There are 2 protein chains.
Amino acid sequence: MAVTPAAVRDAATTLFAEKGYHGTALSEVAAHLGIRTPSLYNHMRSKQELLAEIVLDTSQQVWAEFGAAVDGRADVVDRLREAARVYALRHATHRREALIVNRDVASLAEPVLSQVLDLRRRHERAVRALIAEGVAQGRLAAEDPRTASFGLLEMCVSVARWFSPDGALSAQDVAEQYSDFALRVAGLRDPD
Amino acid sequence: MAVTPAAVRDAATTLFAEKGYHGTALSEVAAHLGIRTPSLYNHMRSKQELLAEIVLDTSQQVWAEFGAAVDGRADVVDRLREAARVYALRHATHRREALIVNRDVASLAEPVLSQVLDLRRRHERAVRALIAEGVAQGRLAAEDPRTASFGLLEMCVSVARWFSPDGALSAQDVAEQYSDFALRVAGLRDPD
DNA sequence: CCTACCGATCGGTAGG
DNA sequence: CCTACCGATCGGTAGG
């Protein structure tokens, strides 16, 4: 199989997720592809750029998926449920990227670090606003929308740490269960 | 201030939490203490042993705290609430250790790695058993105790990622809120 | 895609 | 507690 920039990035994604950014040597990425370390530089600029691409792309996709999830839904509980569902689903289906984002974000250089933190902040605030709106409408009973948004988002993130595609539950099953969990955390009295 | 084994470990805990195990050089640990790298070896055996001690001690304390939390409580919902409360509280008050355990456990060598994974597995299964017992008694409505135990425990773990002692909420406040979240995830219909 | 090689830095030891 | 130093490995470059 031909080595391409995408193949290098995929190998790096697997290894960074397994051993961490600093715990992975480029020689290991090269060995995973069956080439020598210097040959990697035909397909990438640096180890740092590899990390930056993986983390920034993932963070942008999370934000885009949130927008698509809430767009066109009138009911605030439906919007929150769908936002939690796609977030949990992503963490079951893109486990490697999720582990890297949450483990190695501090190893990013500027300006990418700020971009990623900004996207994450926007996402959290948007979810917090949904919870606050639900409370204002009397649909949710969260006493502190900020703590609830942290709790429910990070719970969805953690799916990446235990989910296995070989288990009894599909990614969709888990995402459904977690969207129920999320609504309960936000204080929905009678989930479904 | 005299450099002691405890001081070396504390400096390593701060730096490992900040930059990761592989991202931290022993020269940084030494600089943090105002000494040269070789002098560290008067107070420790190796970088790996430093990590092993931090992670194993923390994991053993988690298991001991769980035992103390459920011991002597008759009501299964009370036991689950208290187990979640002490777990969340620990992740607010021992943030550095929690971040290291969850980020660098894969960098551990045997036999400590197996010991830590075993302690973690016992904790999860004990929580899962509490949920199952609550369901059997009709007190909880979790449809899948395993998924619920993962969700609720990992939610508590994530406190270490956002909590700040300088914020408006105390560690105790957050632990109280999270123990409510945990019971809701487990399907308690009318949390307090 | 390779070999050959660079300076820097790593964890750790010798010896005092 | 230090200086001096070890072999190994790191990310990356030269040059083909």
Side-chain angles (χ1 to χ4, degrees), chain A residues 1-57 96 100 103-113, chain B residues 1-57 96 100 103-113:
Chain A
M1 199 182 75
V3 173
T4 60
V8 170
R9 182 166 151 175
D10 187 70
T13 302
T14 296
L15 289 163
F16 289 176
E18 214 169 276
K19 305 154 68 76
Y21 175 70
H22 287 299
T24 302
L26 287 181
S27 60
E28 296 174 291
V29 177
H32 197 270
L33 294 161
I35 61 176
R36 305 285 182 179
T37 308
S39 303
L40 288 173
Y41 288 83
N42 292 314
H43 309 291
M44 60 161 214
R45 269 212 271 272
S46 69
K47 190 187 183 189
Q48 177 68 217
E49 196 185 82
L50 226 37
L51 177 66
E53 284 177 3
I54 294 166
V55 176
L56 187 55
D57 274 16
R96 298 176 306 165
I100 296 168
R103 177 178 182 161
D104 293 314
V105 68
S107 299
L108 283 172
E110 295 292 1
V112 179
L113 175 59
Chain B
M1 198 183 75
V3 173
T4 59
V8 171
R9 182 166 150 174
D10 188 68
T13 301
T14 296
L15 289 163
F16 288 176
E18 213 170 276
K19 308 155 65 78
Y21 176 71
H22 287 299
T24 302
L26 287 181
S27 61
E28 298 173 290
V29 177
H32 198 269
L33 294 161
I35 61 175
R36 304 285 182 179
T37 307
S39 303
L40 288 174
Y41 289 83
N42 294 313
H43 310 291
M44 59 162 215
R45 267 213 271 274
S46 69
K47 190 186 183 190
Q48 176 68 218
E49 195 184 81
L50 226 38
L51 176 67
E53 283 177 4
I54 295 167
V55 176
L56 187 56
D57 274 14
R96 298 175 307 164
I100 296 168
R103 178 178 182 162
D104 292 316
V105 67
S107 297
L108 283 173
E110 295 292 0
V112 178
L113 174 60

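What's counted below: heavy atoms across the whole structure, side chains too, no hydrogens, waters or symmetry copies. Since the structure is predicted, the reported quantities are computational estimates derived from the model, not experimental observations. Each chain gets a letter, A, B and so on, in the order the sequences are listed, and its residues count up from 1.
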Note: for A/V3 and B/T37 on DNA chain C, the residue whose nearest nucleotide lies more 5' is A/V3

In whole angstroms, the gap separating C1' of D/dG11 from CG of A/L40 amounts to 11 Å

Legend entry - 4.5 Å side-chain heavy-atom contact, B/M44 and B/L26: yes

| query | Does any non-hydrogen side-chain atom of A/V112 lie less than 4.5 Å from one of A/V55? | reply | no

note: B/K47, atom NZ; C/dC10, atom C1'; distance rounded to Å ~ 8 Å

Do the non-hydrogen side-chain atoms of B/R103 and A/D104 ever get within less than 4.5 Å of each other? yes

As its Watson-Crick or G-U partner within any shown strand, both distances under 3.5 Å, C/dG16 has D/dC1

Result for side chain to side chain donor-acceptor pair (under 3.5 Å) between A/R9 and one of A/D57, A/T14, A/T4 points to A/D57

Here the distance between atom P of C/dG12 and atom CG of B/N42, to the nearest Å, is 14 Å

When rounded to whole Å, the OH to C1' distance for the pair A/Y41 and C/dC6 reads 13 Å

B/L50 CG to C/dC10 P, in whole Å, measures 16 Å

Shortest non-hydrogen pair, A/G23 vs A/E28, comes out as O-OE1, 3.7 Å

Looking only at D/dG11, C/dC2, C/dA14, the nucleotide nearest the A/P38 side chain is C/dC2

- Main-chain N/O of B/Y21 paired to B/K47 side chain as donor or acceptor, under 3.5 Å: yes

In numerical order, the residues of residues 16-35 of chain A whose heavy atoms come under 4.0 Å of DNA chain C are A/I35

Query raised in the report: OP1 or OP2 of D/dT3 less than 4.0 angstrom from a side-chain nitrogen or oxygen of B/R36, does that happen here?
Result: yes

